[in-house]
Amino acid sequence: MPTRPKPKPAAIHPHLESVLFTEAQIKRRVRSIAQELKSTYGDGEFTIVSLINGAIMFTADLMREIDNPVRLDCIRTSSYGEKTKSVGTPQVVASLTLDIRNRHVLIIDDILDTGKTMKLVAGLVQKLHPASLRTCVLLDKVGRREVEFKADFVGFKIPDKFVIGYGLDFAERYRNLPCVGVLDPARIKSPA
Ligand code: 5GP
Ligand code: MG
């Protein structure tokens, strides 16, 4: 029988200045958010609205920690492109396909920064008359808010640093890192 190679610890990516949250820390926090959701929703059904692409990993992992009946839909908003700060007003690029009237809706995003994206999407969802609306983010840059917005469920509060990994990108790269870390500022000038 072939022997299985020993799993190697995930190497820290050379483009990271530091790791903020390891894969194990994220996993533990995702589990505890799932418990928080359980105490809010009980065994009831709710509809997840995931903001793609950034929330893709968080949504996929969180959903697998939930045994409630859930429906999933996605919204895509305009992205930063190759910048590290949001400029102007975000726009909805692709909207909902499910009917959410009278449904309990949970919007999930990767990170709350200025608050503009969540405010926009929450406003859009609210107009469709859900039974309830709550929001959940993995990361919250509390000090960066430009419009008032408080998420109902927050994974981790973080300082004002540009972070990548676990779904979060810089110029569409690094989403597949299993951890969340601060991008080496030298990479911001030359992403290649
Ligand atoms: P907001 O509208 O709150 O300013 O920005 C929210 C969106 O900006 C998030 O969905 C995310 O796509 C992006 N964003 C904000 N901060 C960061 C960050 O530190 N790293 C990455 N990769 N994206 C961020
Ligand atoms: Mg995003």
Side-chain angles (χ1 to χ4, degrees), residues 12-23 25-26 29-30 33 48-63 72-96 105-126 133-192:
I12 295 172
H13 196 284
H15 297 180
L16 286 176
E17 182 187 72
S18 62
V19 171
L20 286 185
F21 306 107
T22 63
E23 186 175 5
Q25 286 172 316
I26 295 170
R29 189 67 190 108
V30 167
I33 297 171
I48 291 172
V49 171
S50 177
L51 303 199
I52 53 173
N53 293 329
I56 206 158
M57 306 278 179
F58 180 40
T59 304
D61 285 348
L62 188 58
M63 281 184 80
L72 173 68
D73 206 347
C74 298
I75 288 184
R76 183 186 293 278
T77 58
S78 47
S79 88
Y80 279 21
E82 302 208 356
K83 296 181 207 77
T84 58
K85 297 275 180 201
S86 65
V87 278
T89 315
Q91 310 283 331
V92 171
V93 179
S95 195
L96 295 170
V105 174
L106 178 70
I107 304 175
I108 301 183
D109 202 4
D110 50 2
I111 185 165
L112 196 48
D113 185 24
T114 64
K116 289 180 192 169
T117 304
M118 267 300 198
K119 192 131 204 161
L120 171 79
V121 174
L124 182 153
V125 168
Q126 199 71 67
L133 172 58
R134 293 185 178 86
T135 54
C136 174
V137 290
L138 178 70
L139 306 170
D140 188 352
K141 283 190 199 168
V142 191
R144 284 260 311 148
R145 213 69 93 243
E146 288 178 24
V147 295
E148 207 182 312
F149 199 93
K150 204 172 165 294
D152 298 288
F153 306 93
V154 175
F156 304 100
K157 291 181 177 168
I158 63 163
D160 181 13
K161 299 267 188 188
F162 188 77
V163 293
I164 51 167
Y166 196 66
L168 291 128
D169 74 311
F170 173 59
E172 290 307 325
R173 293 173 68 194
Y174 311 112
R175 292 195 198 274
N176 57 328
L177 299 187
C179 62
V180 169
V182 177
L183 178 64
D184 177 356
R187 292 281 149 191
I188 296 171
K189 281 164 226 140
S190 55

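Each ligand, and each atom within it, is numbered from 1 in the order the structure gives. Numbering of residues begins at 1 and proceeds along the displayed sequence.
Ion pairing of Glu148 with Arg145 is absent here, as no side-chain N (NZ or NE/NH1/NH2) approaches a carboxylate O to less than 4.0 Å.
Between Val93 and Thr77, the closest heavy-atom pair is CG2-C, 3.7 Å.
Side-chain contact between Phe149 and Val137 is absent, with no heavy-atom pair separated by less than 4.5 Å. By the 4.5 Å heavy-atom criterion applied to side chains, Thr59 and Leu72 are counted as neighbours. Annotation: side chain of Arg76 is in contact with side chain of Asn53 (closest heavy-atom distance under 4.5 Å). Side-chain contact check for Ile158 versus Ile111: some heavy-atom pair is nearer than 4.5 Å.
For ligand 1, the polar-atom distance check finds an N/O of Val163 within less than 3.5 Å of one of the ligand's N/O atoms. The distance criterion of under 3.5 Å between nitrogen or oxygen atoms is met by Gly115 with respect to ligand 1.
Within the structure, ligand 1 has Phe162 among the residues with a heavy atom less than 4.0 angstrom away. Ligand 1 has Lys161 within reach: a non-hydrogen atom of the residue lies less than 4.0 Å from it. At least one heavy atom of Lys141 sits closer than 4.0 Å to an atom of ligand 1.
Interface atoms of ligand 1 facing Asp113, defined by a heavy-atom separation under 4.0 Å, are 1 (P), 3 (O), 4 (O), 5 (O), 15 (C), 16 (N). The atoms of ligand 1 that sit less than 4.0 Å from any heavy atom of Lys116 are 2 (O), 3 (O). Heavy-atom contacts of Thr114 reach the following atoms of ligand 1: 1 (P), 2 (O), 3 (O), 4 (O) (cutoff under 4.0 Å). Each of the following atoms of ligand 1 lies closer than 4.0 Å to a heavy atom of Asp169: 21 (C), 22 (N).
In summary, the side chains of His15 and Tyr174 do present a donor paired with an acceptor at a separation below 3.5 Å, with no hydrogens or angles considered.
Of the candidates Thr117, Asp160, Leu51, the one placing a heavy atom closest to atom 2 (O) of ligand 1 is Thr117. Nearest to atom 12 (O) of ligand 1 by heavy-atom distance, out of Asp110, Val180, Val147, Val137, is Asp110.
Just one of Ile56, Ile108, Ile107, Val92 meets the side-chain contact (heavy atoms from CB on, under 4.5 Å) condition when paired with Leu51; it is Ile107.
Residue contacts with ligand 1 for Asp109 involve side-chain atoms from C-beta outward but no N, CA, C or O (heavy atoms, distance under 4.0 Å).
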